[in-house]
Amino acid sequence: MKKFATWNVNSLAIRLPQVLDWLAAHPVDALVLQETKLTDDKFPTMEIGEAGWQVQWFGQKTYNGVALISRERADGVIKNITGFADEQARVIAGTVGGVRVIGGYFPNGQAPGSDKFAYKMNWLTGLRTWLADELKAHEQLVLMGDFNIAPEDRDVYDPVAWAGQIHCTPEEREHFQQLLGLGLTDAFRLFEQPAKSWSWWDYRNLAFRKNQGLRIDHILVSEALKGRVTACEIDKAPRKNERPSDHAPVIVTLDI
DNA sequence: ATGCCAGAGTAGCTCTGA
């Protein structure tokens, strides 16, 4: 049995103690982090290593930044999307125990029609092109991260208000479907899930207390792993911490 | 119609996030 997880921590400098606590309680094979918001020289390599974990990291100043924490050392580590030139640190990939683990912090996109939205579309195309090659090279693959896409209306607390808004545009949802078209499966939807399951809640408006959120953090698995998924859950517990990230971790369990 | 909250850096405000 293997477990993999993803968590947008919204600053690892702030959230490191919570990440170490979470790992101690959830001994996963690999955890990918997004929005570390740290330059590589400031990454807490020591603290993570002392807790008994291997780690690969790829960051920049102020924004973005990703990491791959694993029990076994990750091989074949790649940073960002091969073939897609990018100033922003958004992807880290590595092979852990024979499984290709890809962690991504997908662009936010800000608003349809903006430059940032155009960047998001180009980035998604670049990701898909590269992923096709990764899937050819690695039969067992998990793509995890903050996709910044709510795939369907049931992934949105108020789909009428959010219709056509960022994370919910037809263009973004089409890109999500094209990722599935590569042979990937949304592990969360392999199971019956509670209605109103979200992975992100706005810090404002008491959104968590009112359970007003979006499901934008996902775990997609390759064909070879699809039949091996035994569970996929969102862990809301860390969102109840005193100083939480606005995102919750998502965990997948595989019978491999 | 807008901002709410949170984090980081150019700092005592602006930018970005979702």
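Numbered from 1 within each chain, the chains take letters A, B, ... in sequence-line order.
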Using only side-chain N and O atoms of [X], determine if any of them is under 4.0 Å from OP1 or OP2 of [N].
X	N	value
Q110(A)	dA18(B)	no
K116(A)	dT16(B)	yes
R243(A)	dC5(B)	no
K37(A)	dG17(B)	no
N10(A)	dA6(B)	no

So what does [X] hit on the nucleic acid, given a heavy-atom distance under 4.0 Å: a base, only sugar-phosphate, or nothing?
X	value
E35(A)	sugar-phosphate
N8(A)	sugar-phosphate
I166(A)	nothing
F208(A)	nothing

Send over the distance from [X] [atom1] to [N] [atom2], rounded to a whole Å.
X	N	atom1	atom2	value
L33(A)	dG7(B)	CG	C1'	16 Å
R239(A)	dA18(B)	CZ	C1'	12 Å
Y203(A)	dA8(B)	OH	P	10 Å
H247(A)	dG17(B)	NE2	P	11 Å
D246(A)	dA8(B)	CG	C1'	14 Å
L206(A)	dG3(B)	CG	P	19 Å
D202(A)	dT2(B)	CG	P	17 Å
W201(A)	dG17(B)	CH2	P	21 Å

[X] side chain to [Y] side chain, donor-acceptor N/O pair below 3.5 angstrom:
X	Y	answer
Q34(A)	D146(A)	no
N10(A)	Y203(A)	yes
K61(A)	T39(A)	no

Q) Between R71(A) and W53(A), is NZ or CZ placed under 6.0 angstrom from the six-membered ring centre and within 45° of the ring axis? A) yes
(Q) Quiz question: going by heavy-atom distance under 3.5 Å, is there a donor-acceptor pair between the base of dA18(B) and the side chain of N148(A)? (A) no
Take atom [atom1] in [N] and the same atom in [M], then report the distance between them in whole Å.
N	M	atom1	result
dG12(B)	dG17(B)	P	22 Å
dA11(B)	dA1(B)	C1'	29 Å
dT2(B)	dC13(B)	P	23 Å
dA6(B)	dT10(B)	P	23 Å
dG3(B)	dT16(B)	C1'	15 Å

Q. How far apart are the closest heavy atoms of Y105(A) and W123(A), and which atoms are they?
A. O-CZ2, 4.2 Å
Q.
Rounded to the nearest 0.5 Å, what separates atom CD in Q165(A) from atom CG in L214(A)?
A. 11.0 Å
Q: Would you mind reporting whether L182(A) and R128(A) have side-chain heavy atoms less than 4.5 Å apart?
A: yes
Which of these nucleotides, [options], is closest to any side-chain atom of [X]?
X	options	value
R204(A)	dC5(B), dG9(B), dT16(B)	dC5(B)
Y63(A)	dC15(B), dA18(B), dA8(B)	dC15(B)
N205(A)	dG9(B), dC4(B), dA18(B)	dC4(B)
S11(A)	dA18(B), dA8(B), dG9(B)	dA8(B)

(Q) Quick check: on DNA chain B, is the nucleotide nearest D146(A) upstream (toward 5') of the one nearest K42(A), or the reverse? Name the residue that is more 5'. (A) K42(A)
